[in-house]
Amino acid sequence: MCGIVGAIAGRDVVPVLVEGLKRLEYRGYDSSGIAVLNGVEVRRVRRIGRVAEMEAAALEKGVAGQLGIGHTRWATHGGVTEANAHPHISQGVSLVHNGIIENHEEQRERLRGLGYVFESQTDTEVIAHLIHHHLSHGSADVLAALQAAVKELTGAYALAVISAAEPERLVVARMGCPLLVGLGEGENFVASDVSAIIQATRRVIFLEEGDTAELTRDGVQVFGEDNAPVQREQHLSDVSLASLELGPYRHFMQKEIHEQPRALADTIDAVINAGSFDASLFGANAEAVLSGITGIKILACGTSYYAGSTAKYWIESIAGLPCDVEIASEYRYRQAFADPRHLVVTISQSGETLDTMEALKYAKSLGHTHTLSICNVQESAIPRASELVCYTRAGAEIGVASTKAFTTQLAALFQLTVVLGKLHGKVNAEQEVDYLEQLRQLPGSVQHALNLEPQIAAWAERFATKANALFLGRGLHYPIALEGALKLKEITYIHAEAYPAGELKHGPLALVDEAMPVVVIAPNDSLLEKVKSNMQEVRARGGELFVFADQDSNFSASEGVHVIRTPRNVGVLSPIVHTIPVQMLAYHAALARGTDVDKPRNLAKSVTVE
Ligand code: F6R
């Protein structure tokens with residue numbers, strides 16, 4: 001989705017803006033632009049397509065200056081055109097915007113009446129004119145004009161604004177969309193995502209809802225919703241530059257798949273080191289909250305929803321608590337029943353998915369008081385709005401298709417399950433030691449699964465020519481089948497569906513013929529015999545089976561049945577290990593089809609719109 005970067009410095013900021021925008025590319029975008037102030041002249045460059053094209057144009061035009069803003073746009077209001085790309089300018093006021101202004105039509109009419117001429121179809125241009133209007137009707141400076149303008153907006157925004165008449169300041173505002181300030185030496189920055197400025201500084205201030213701020217070269221002043229100065233805490237970001245670079249890999253998705261043993265080891269580190277599953281993993285007050293709840297409601301989207309769907313099996317069977325899992329975009333619009341004794345768990349890699357954030361707000365409005373966020377991005381919106389937090393330690397995930405974020409979410413959810421089990425008297429000391437040992441072995445088992453890459457790549461060649469695929473799983477592994485199908489469709493554009501294997505005969509079996517590859521996740525667990533019968537149903541209709549079994553499963557390949565064996569069955573953590581092959585299958589099928597693995601068409605990394 002859209003990205004913002006801005007800088008005020010004693011040096012030319014164009015390289016800072018361009019590098020920042022390149023680091024934001026992973027979020028998904030269709031056009032980009034910068035506006036830079038040199039003396040009293042604003043120079044703007046906008047291009048459709050890659051940031052590199054915009055950069056080349058800026059270089060050719062010799063754009064340079066010590067104050068500037070930049071943006072990557074993901075079209076919402078108005079098509080993908082240069083005129084709709086940000087920054088938008090209203091007579092010297094230049095601005096970039098993330099989010100959606102809900103009352104933009106009403107404001108547009110009003111501003112037209114005041115003589116403003118619109119050059120784009122965006123909701124953003126309304127804000128530029130509104131700020132200009134306030135500047136020319138009594139506001140003392142661009143900060144005051146911004147503060148007045150945002151009071152007239154409804155919707156979500158992160159804004160960065162410069163004015164040709166005020167070369168000494170960059171002003172910003174935040175409501176509903178993430179925005180942070182980066183603190184440098186004699187220079188300061190703003191960004192929607194820390195990765196955009198990490199090359200310049202690690203010292204950051206996360207702006208809060210309703211904040212505005214003024215950045216000069218020498219300082220930053222933040223103002224609260226009532227425009228009174230406020231102090232906001234400084235943080236030292238732990239995002240590393242290495243996590244934002246490709247290194248020896250061809251794609252970020254490949255890198256991130258291979259980082260999973262490390263990401264999992266980091267995520268479980270505290271439990272392994274402590275030698276116990278302690279409630280304090282989820283925050284200081286967690287023990288009191290988690291002991292008092294009587295059930296769990298999980299809200300999430302996409303891959304994160306599948307992590308929640310897996311956790312349901314764990315929570316009900318290990319912790320003995322009722323758990324329901326719901327797609328956030330559905331929950332937020334239905335008349336839901338709220339039991340305040342239930343803990344609302346949101347799962348979000350980015351921590352800024354709008355549907356999940358709104359579902360959380362809705363849950364609170366219905367009377368839920370206990371909330372926990374499982375998130376991969378420090379200080380992002382969803383954990384900040386939650387009572388308890390568990391940060392996964394996957395590191396920055398750049399590939400649009402989620403991989404290491406998913407498996408670390410599963411690891412965090414498993415830890416939550418055992419903590420709940422202990423607090424609710426369902427997990428005794430002996431079982432705890434056993435779960436600890438299983439967790440300790442997890443990174444190694446995942447590494448073992450990664451070693452299957454050559455075999456999986458060979459299968460993927462055959463998938464690459466197919467139009468459809470089916471994924472089957474049962475129990476704990478049904479959500480992994482769903483995740484496998486999602487990965488395949490996202491990055492190869494092959495139509496893929498997943499079913500609980502027992503559902504096959506109730507309809508989807510009609511799809512099976514010689515042209516239909518059927519991927520089966522068949523670990524050596526109590527459901528294996530049932531899965532084998534389901535496989536027979538497929539074979540009998542001529543379907544070709546691609547089976548991910550365990551080392552210790554008792555069955556072998558035969559005509560039309562291909563088998564790859566993951567490590568020996570790892571018990572309840574098996575869904576994590578069985579995720580690796582389906583990720584690699586999708587990755588290699590995408591390579592064979594030549595699709596854009598890291599930036600699949602039509603998708604964005606952080607979905608901050610409805
Ligand atoms: C799929 C994928 C998406 C996200 C979904 C939620 O590979 O990445 O389905 O899982 O958009 O995103 P987060 O977890 O950031 O809330």
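Just the heavy atoms: all of them, side chains too, but no hydrogens, waters or symmetry mates, feed the values below. One-based numbering, in listed order, for ligands and for the atoms of each.
In this structure, the side chains of Ser195 and Leu24 come closer than 4.5 Å at one or more pairs of heavy atoms.
Remark: Arg601 is positioned above the aromatic ring of Tyr493, its terminal NZ or CZ atom under 6.0 angstrom from the ring centre and at most 45 degrees off the axis.
Under a 4.0 Å N-O distance rule, the pair Glu326/Lys297 qualifies as a salt bridge.
Which parts of ligand 1 touch Ala401 is read off a 4.0 Å heavy-atom cut-off, strictly below it: atoms 7 (O). The distance from ligand 1 to the heavy atoms of Lys487 drops below 4.0 Å at these ligand atoms: 1 (C), 7 (O).
In this structure, Val400 counts as a contact residue of ligand 1, since one of its heavy atoms falls inside 4.0 Å of the ligand. The closest approach between Glu352 and ligand 1 stays at or above 4.0 Å for every heavy atom of the residue.
Protein heavy atom nearest atom 16 (O) of ligand 1, with residue, atom name and distance: Thr353 OG1, 2.5 Å. In this structure, the protein non-hydrogen atom closest to atom 1 (C) of ligand 1 is Glu490 OE2, 2.9 Å. In terms of protein heavy atoms, atom 15 (O) of ligand 1 is closest to Ser350 OG, 2.7 Å. The shortest contact between atom 11 (O) of ligand 1 and any protein heavy atom is with Val607 CG2, 4.0 Å. Atom 10 (O) of ligand 1 has as its closest protein heavy atom Thr303 N, 3.1 Å.
Tyr435 has its ring centre less than 6.0 Å from the ring centre of Phe414. Ring centers of Tyr331 and Tyr362: under 6.0 Å apart, within the cut-off.
Counting heavy atoms only, Ser402 comes closest to atom 8 (O) of ligand 1 of the residues Ala405, Ser402, Ala328. Within the set Cys301, Gly351, Ala300, the minimum heavy-atom distance to atom 6 (C) of ligand 1 is found for Cys301.
Residues meeting the side-chain hydrogen bond (donor to acceptor under 3.5 Å, both in side chains) test with Asp550, sequence neighbours left out: Thr566, Asn569, His578.
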List the atom pairs, with distances to 0.1 Å, where a side-chain N or O of residues 456-464 and a protein N or O form a donor-acceptor pair under 3.5 Å, not counting sequence neighbours.
unit_1, atom_1, unit_2, atom_2, d
Arg462, NH2, Glu544, OE2, 2.6

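With hydrogens and angles left out, the side-chain atoms of Thr122 and Asn84 include no donor and acceptor closer than 3.5 Å.
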